[in-house]
Amino acid sequence: MSNKNQTLGEFIIENQHSFKYSSGELSNLLNSIRLAAKVVNHEVNKAGLVDIIGAAGDTNIQGEDQQKLDVYANDVFIQALINRNIVCGIASEEEDDFVAINSINNDHQNKYIVLIDPLDGSSNIDVNVSVGTIFSIYRRVTPIGTPVTIEDFLQEGKHQVAAGYVIYGTSTMLVYSTGHGVNGFTLNPAIGSFYLSHSDMEFPVDGNIYSVNEGNYLEFPDGIKKYIKYCQQIEDDRPYTSRYIGSLASDFHRNMIKGGIYMYPKSTKNPKGKLRLLYECNPMAFLAEQANGKASDGFTRILDIKPTELHQRVPFICGSTNMVNKAEEFMKEYSS
Ligand SMILES: O=P(O)(O)OC[C@H]1O[C@](O)(COP(=O)(O)O)[C@@H](O)[C@@H]1O
Ligand SMILES: [Mg+2]
Ligand SMILES: [Mg+2]
């Protein structure tokens, strides 16, 4: 029976036994993310004040202009993880290469790696629309006692030991899974603690919301175009409602609560899609499956895709199982 007064810290400790490698290290790691989320939340809430908004002046490896909050969130999460002396490596949307982190005794004893999208939905920062942070956690595959390598980061999503996101929206929430269902915690700003507010979150198997940037419609594969037309038809429980925030974590969260499908297909502008497999699609796909939803690139289960590059992009379809199945049907019939 979930306890609404339970804090995230208490929940992490209480549930650490359900984790097969339980030693307290993952709990420690999750607590560093909890702390960093609160620090970033404080800055995000001030987004609008001159010194927080706007571009930082550099571009990241994806060629995107880094926003000041992208850089700030990146620094806060990386420092919080380093301080806990648990991770041996971090990869981030805002770092060209992975960051190798040695343990305090310089003996490479740390076991975990974290991949992170420090600020998701950057285009919404300056316009007061909800943004997020997305994280993915693995155990390293290279031998303990040796430096971390790229191999530790290019693991299939199905090997994640935990994943989650933070939403900085009407309220600030942290939603995560360690492979035993999905739970959501809401920050009580007066007390400064996250409380269990959404236990055992699940995608309704069906829904009536579709989320896609229809501005790219003409560039989409035929299968996606056909599926969007299907969503708009006046028939049965359709037309569905179109909702698109432009922040992956926020669109995912709404669809998980209400039932819906999010799509970022490939297009002529983005021939491999836009979203990054390692720190956007894999963590959201892990959560989706833990919440009885589904995630694919239209053909292949996202969690089965073998990564080849740190910042690789993939087409992404995710949400209520019956809706993703339908979209895949159209992709198989009309696209290759
Ligand atoms: O503006 P577009 O092309 O629709 O893209 C929006 C998508 O891009 C993203 O903003 C990419 O994430 P970042 O902001 O972390 O780069 C997603 O959150 C969002 O779903
Ligand atoms: Mg993102
Ligand atoms: Mg980002």
Hey, could you give me each pair passing salt bridge (charged side-chain N to carboxylate O under 4.0 Å, His left out) that has a residue in residues 233-247? Not counting sequence neighbours.
->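 Applying salt bridge (charged side-chain N to carboxylate O under 4.0 Å, His left out) to every pair that reaches into residues 233-247, excluding sequence neighbours, yields Glu235-Arg238, Asp236-Arg238.
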Side chains of [X] and [Y]: do they bring a donor and an acceptor to under 3.5 Å?
| X | Y | value |
| --- | --- | --- |
| Ser211 | Asn255 | yes |
| Asp65 | Thr59 | no |
| Ser122 | Asp70 | yes |
| Thr142 | Asp152 | yes |
| Gln79 | Asn83 | yes |
| Asn60 | Asp96 | no |
| Gln160 | Asn282 | no |
| Glu93 | Gln62 | no |

same_hphob_cluster([X], [Y]) at 4.5 Å side-chain heavy-atom cutoff:
| X | Y | result |
| --- | --- | --- |
| Tyr165 | Leu26 | no |
| Ile305 | Ile150 | yes |
| Leu196 | Val175 | no |
| Leu119 | Val114 | yes |
| Phe286 | Leu275 | no |

Decide yes or no for [X] and [Y]: does some side-chain heavy atom of the first lie under 4.5 Å from some side-chain heavy atom of the second?
| X | Y | value |
| --- | --- | --- |
| Ile317 | Ile224 | yes |
| Glu328 | Phe299 | no |
| Asp97 | Leu310 | yes |
| Phe77 | Tyr72 | no |
| Val161 | Thr178 | no |
| Val87 | Leu29 | yes |
| His311 | Tyr279 | yes |
| Ile61 | Glu94 | no |

Please report the shortest heavy-atom distance between [X] and [Y], naming the atom on each side.
| X | Y | result |
| --- | --- | --- |
| Pro118 | Thr133 | O-OG1, 2.6 Å |
| Asp251 | Ile245 | OD1-N, 2.8 Å |
| Ser27 | Ile13 | CB-CD1, 4.4 Å |
| Gly89 | Val148 | CA-CG1, 4.4 Å |
| Ser123 | Gly246 | OG-O, 4.3 Å |
| Glu214 | Gln232 | OE1-NE2, 3.0 Å |

Got a donor-acceptor contact below 3.5 angstrom from the [X] side chain to the [Y] backbone?
| X | Y | result |
| --- | --- | --- |
| Ser320 | Met323 | no |
| Asp117 | Glu280 | no |
| Arg139 | Lys111 | no |

Quick check: are there more than 12 heavy atoms from other residues, nucleotides or ligands sitting under 6.0 Å from [atom1] of [X]?
| X | atom1 | value |
| --- | --- | --- |
| Asp107 | CG | yes |
| His42 | NE2 | no |
| Lys332 | NZ | yes |
| Lys225 | NZ | yes |

Gap separating the [atom1] atom of [X] from the [atom2] atom of [Y], nearest 0.5 angstrom:
| X | Y | atom1 | atom2 | result |
| --- | --- | --- | --- | --- |
| Ile78 | Ser92 | CD1 | OG | 5.0 Å |
| Leu174 | Tyr168 | CG | OH | 8.0 Å |
| Asn208 | Ser242 | CG | OG | 11.5 Å |

For [X] and [Y], I'd like to know if the aromatic rings sit close, meaning centre-to-centre distance below 6.0 Å.
| X | Y | result |
| --- | --- | --- |
| Phe185 | Tyr195 | no |
| Tyr240 | Tyr227 | no |
| Tyr262 | Phe252 | no |

For the pair Glu289 and Lys158, evaluate salt bridge (Lys or Arg N to Asp or Glu O under 4.0 Å) and give the outcome as yes or no after the intermediate values.
-> CA-CA 10 Å; Glu289 292 197 8; Lys158 59 189 164 202; over 6 Å; no
Candidate pair Cys318 and Ile261, rule side-chain contact (heavy atoms from CB on, under 4.5 Å), full reasoning | CA-CA 6 Å; Cys318 179; Ile261 185 171; over 6 Å; no
Could you check whether [X] makes a cation-pi contact with [Y], meaning its NZ or CZ is under 6.0 Å from the centre of the six-membered ring and within 45° of the ring axis?
| X | Y | answer |
| --- | --- | --- |
| Lys226 | Tyr334 | yes |
| Lys294 | Phe203 | no |
| Arg140 | Tyr112 | no |

Salt bridge Arg84-Glu25, side-chain N to carboxylate O under 4.0 Å =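 Not counted as a salt bridge, because no side-chain N and carboxylate O are separated by less than 4.0 Å.
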Decide, yes or no, whether a salt bridge links Lys326 with Glu333 under the criterion of side-chain N to carboxylate O below 4.0 Å.
->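 No salt bridge links Lys326 with Glu333.
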Results of ring-ring contact (aromatic ring centres under 6.0 Å, His included) for Tyr210 - residues two or more places apart only | none
Stepwise side-chain contact (heavy atoms from CB on, under 4.5 Å) test for Asp297 and Ile302 = CA-CA 6 Å; Asp297 64 1; Ile302 291 290; 4.3 Å; yes
Take Asn183 and Ser199 through the side-chain hydrogen bond (donor to acceptor under 3.5 Å, both in side chains) test and state the conclusion after the steps.
-> CA-CA 5 Å; Asn183 291 281; Ser199 47; 4.8 Å; no
Step by step, work out the side-chain contact (heavy atoms from CB on, under 4.5 Å) result for Leu115 and Phe135.
-> CA-CA 6 Å; Leu115 301 106; Phe135 61 90; over 6 Å; no
Output, in order, the C-alpha distance, side-chain angles, deciding distance and verdict of side-chain contact (heavy atoms from CB on, under 4.5 Å) for Ile134 and Met284.
-> CA-CA 8 Å; Ile134 305 174; Met284 300 319 252; 4.0 Å; yes
Does the side-chain hydrogen bond (donor to acceptor under 3.5 Å, both in side chains) test come out yes or no for Ser267 and Asn216, once each step is laid out?
-> CA-CA 7 Å; Ser267 65; Asn216 302 327; 5.5 Å; no
